[in-house]
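Data first, discussion second: the structure below is written as structure tokens.
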Number of protein chains: 2
Amino acid sequence: MPGPIQSIERAAAILRLLASGARKMGVGELATALGLPKGTVHGILRTLQHVGFVEQSQDTGKYQLGAALFHIGSSYLDANELRTRALNWSDSLAARSKESVRIGTLHEGQVLVVHHVFRPDNSSQVLEVGALLPAHASALGRVLLANDPLGQPAGAELAGFTPYTCTDPDQLRQLLAETKSRGWAAEVEEMVEGEVSVAAPIRDRRGVTVGAIGISGPIERLCDPDRAPRTELVSYVREAARAISRDLGAIPW
Amino acid sequence: MPGPIQSIERAAAILRLLASGARKMGVGELATALGLPKGTVHGILRTLQHVGFVEQSQDTGKYQLGAALFHIGSSYLDANELRTRALNWSDSLAARSKESVRIGTLHEGQVLVVHHVFRPDNSSQVLEVGALLPAHASALGRVLLANDPLGQPAGAELAGFTPYTCTDPDQLRQLLAETKSRGWAAEVEEMVEGEVSVAAPIRDRRGVTVGAIGISGPIERLCDPDRAPRTELVSYVREAARAISRDLGAIPW
DNA sequence: GATGGGTGTTCGGCAATGTCGAACGCGGGT
DNA sequence: ACCCGCGTTCGACATTGCCGAACACCCATC
């Protein structure tokens with residue numbers, strides 16, 4: 001039976017729409033978005049509701065994601081070897097660098113954040129685990145793209161977020177080559193003005209890059225006056241990445 | 001077409017198994033667990049892999065949860081009005097009480113943690129968002145059970161975690177009645193020895209309890225010498241719960 | 001108060017759809 | 001070299017879920 005099961009594919013498409021839509025959606029809305037009859041969509045929704053993957057508002061009849069899906073999804077993190085192995089090292093990186101730490105993997109051309117340690121001051125920060133970051137404008141993404149076995153940037157326009165964002169494919173290609181050879185990446189005010197990030201690749205026992213770890217924070221603390229990342233911070237990040245890679249069984253470099 | 005779609009139900013069952021199993025599982029393993037032919041399970045797995053809900057190890061052919069599912073699940077939090085509204089208040093509760101704060105909802109008889117603020121010291125703590133807590137042995141759970149519109153404890157044995165855990169259904173029923181009338185719950189060393197938690201209900205505009213907020217920490221800090229929760233901490237928790245309820249449109253009490 | 005358009009939901013018939021169970025190929029253990 | 005277990009493929013059957021129109025409902029509108 002080579003060929004995906006349609007009802008499941010459709011159910012997945014519905015869930016993806018509900019996830020991206022941010023707010024509740026109605027049957028008709030989903031139906032037109034997918035080009036399917038209302039009845040069909042309703043049947044799928046009923047099943048998804050039955051298994052707890054979606055919930056329905058009692059007043060308006062609209063649908064939204066369900067708690068069961070959230071719980072199941074979150075247990076992805078437990079099974080994720082990268083994240084499990086990285087927990088201790090990311091804490092210590094946060095302590096040494098005094099900045100917030102994030103770990104990410106490449107997922108459909110973007111960076112999926114699988115772990116996040118807050119900056120060790122008491123400022124209030126929002127948890128970004130589960131969020132998707134643009135690959136071309138974040139240090140994590142640059143590292144992952146540069147070491148990705150498949151071809152890189154893909155098609156898609158390179159979105160600009162600040163005046164500094166690198167939106168030229170050729171320039172990006174050169175940055176990635178540089179990243180690959182020197183073993184780390186940085187991004188200075190390319191995603192958020194005043195914010196800088198630095199990252200390095202994490203490899204597994206086969207030597208392939210399975211993720212990246214990096215720090216981010218205000219430019220005043222992360223960079224020298226010449227807008228170059230401070231060398232000791234780069235060292236911290238690279239050492240953390242190397243330590244995690246070793247834990248994952250990578251050949252000691 | 002009243003009746004759930006089987007392939008989707010089965011796909012959901014597979015995902016649930018993969019989530020609970022914690023480790024990778026094989027086709028045969030899943031097939032016997034569900035009482036289905038291997039071929040059928042394989043077809044479903046292929047589809048789930050195609051949409052990114054599961055991933056397959058390249059060496060061993062075993063399956064585990066996929067990144068797409070995790071990302072979709074995490075966007076449940078964005079849509080969740082309870083959590084969104086509670087973000088600010090939980091930060092301030094953490095600051096006032098100097099303890100870690102959690103917000104939970106009832107989900108299939110257990111407490112689903114939808115938000116977690118670390119204790120504002122620099123100790124390293126693990127993020128519990130997405131985790132399920134036992135309802136009968138946590139303050140959050142007690143609050144939710146006590147105010148649940150449906151009947152309570154359900155069948156299931158009450159698991160004991162420490163010598164203090166309340167495992168007697170009758171005693172629990174009495175505790176819940178008490179909880180409901182006074183408007184808050186506590187749990188002293190019933191889940192982890194040396195740990196205490198206090199919680200209060202969050203209500204929405206219809207007055208039904210949609211969640212609970214609470215703090216937890218070591219008994220020395222949370223309790224008076226007589227093992228009773230310190231009254232000012234209880235007040236902080238109740239005030240936070242009331243503030244969030246007001247944000248959600250609950251009638252001012 | 002009747003009306004229209006907008007929901008979400010139900011129903012029955014057709015055939016496309018996914019299910020089944022046996023057979024295949026491959027690897028690791030013995 | 002063998003065997004047993006694994007994940008995977010295949011083809012035939014009929015069950016399964018799809019479709020599109022009709023239903024029930026709510027809320028604005030007139």
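- Rounded to whole Å, atom C1' of C/dG18 lies 13 Å from atom CD1 of B/Ile14.
- OP1 or OP2 of C/dT7 has not a single side-chain nitrogen or oxygen of A/Gln56 nearer than 4.0 Å.
- Relative to the side chain of B/His42, the nucleotides D/dC19, D/dT9, C/dT9 differ in distance, and D/dT9 lies closest.
- At whole-Å resolution of the value, CG in A/Leu36 and P in C/dT17 are 12 Å apart.
- Counting heavy atoms from C-beta on, the side chains of B/Trp89 and B/Glu239 never come closer than 4.5 Å.
- The nearest whole Å value for the distance from the CD atom in A/Gln6 to the P atom in C/dT19 is 11 Å.
- Put simply, CD1 on B/Ile8 is 13 Å from C1' on C/dT17, counting in whole angstrom units.
- Which of C/dG18, C/dT7, D/dT8 sits closest to the side chain of A/Lys38 comes down to C/dT7.
- Overall bending of the helix from C/dG1-D/dC30 to C/dA15-D/dT16, expressed as the angle between end axes built from five pairs apiece, is 10° (10° steps).
- Separating the CG atom of A/Leu30 from the P atom of C/dG6 is a distance of 18 Å, rounded to the nearest angstrom.
- Of the N and O atoms on the side chains of B/Ser138 and B/Glu187, not one donor lies less than 3.5 Å from an acceptor on the other residue.
- Closest approach to the A/Ser7 side chain among D/dG7, D/dC18, D/dG20 is made by D/dC18 (side chain taken as heavy atoms from C-beta onward).
- With D/dT8, C/dT9, C/dT10 as the choices, the nucleotide that has an atom nearest any side-chain atom of A/Tyr63 turns out to be C/dT9.
- Counting distance only, with no hydrogens placed and no angle test, the side-chain atoms of A/Lys62 and the base atoms of C/dG8 include no donor-acceptor pair under 3.5 Å.
- Side-chain atoms of A/Thr179 never come within 3.5 Å of backbone atoms of A/Ala185 as a donor-acceptor pair (strictly under, hydrogens ignored).
- Under the side-chain contact (heavy atoms from CB on, under 4.5 Å) rule, B/Val111 has a single partner from B/Leu144, B/Ile103, B/Val143, which is B/Leu144.
- Among the nucleotides C/dT9, D/dG20, D/dC18, the one closest to any side-chain atom of B/Ile5 is D/dC18.
- Among residues two or more places apart in sequence or in another chain, the ring pair (Phe, Tyr, Trp, His ring centres under 6.0 Å) test is passed with A/His116 by A/Phe118.
- The CD1-C1' distance, from A/Ile44 to C/dT17, rounds to 13 Å in whole Å.
- Separating the CD atom of B/Gln49 from the P atom of D/dG7 is a distance of 13 Å, rounded to the nearest angstrom.
- The side chain of B/Arg46 lies closest to D/dT9 when the candidates are D/dT9, C/dT19, D/dC19.
- Although no hydrogens or angles enter the test, the distance criterion places a donor-acceptor pair under 3.5 Å between the side chain of B/Arg142 and the main chain of B/His136.
- With hydrogens and angles disregarded, a donor-acceptor distance shorter than 3.5 Å links the side chain of A/Arg16 to the backbone of B/Val51.
- Residue B/Glu29 is the one, among B/Glu29 and A/Arg10, whose nearest nucleotide of DNA chain D lies closer to the 5' end (criterion: closest heavy atom).
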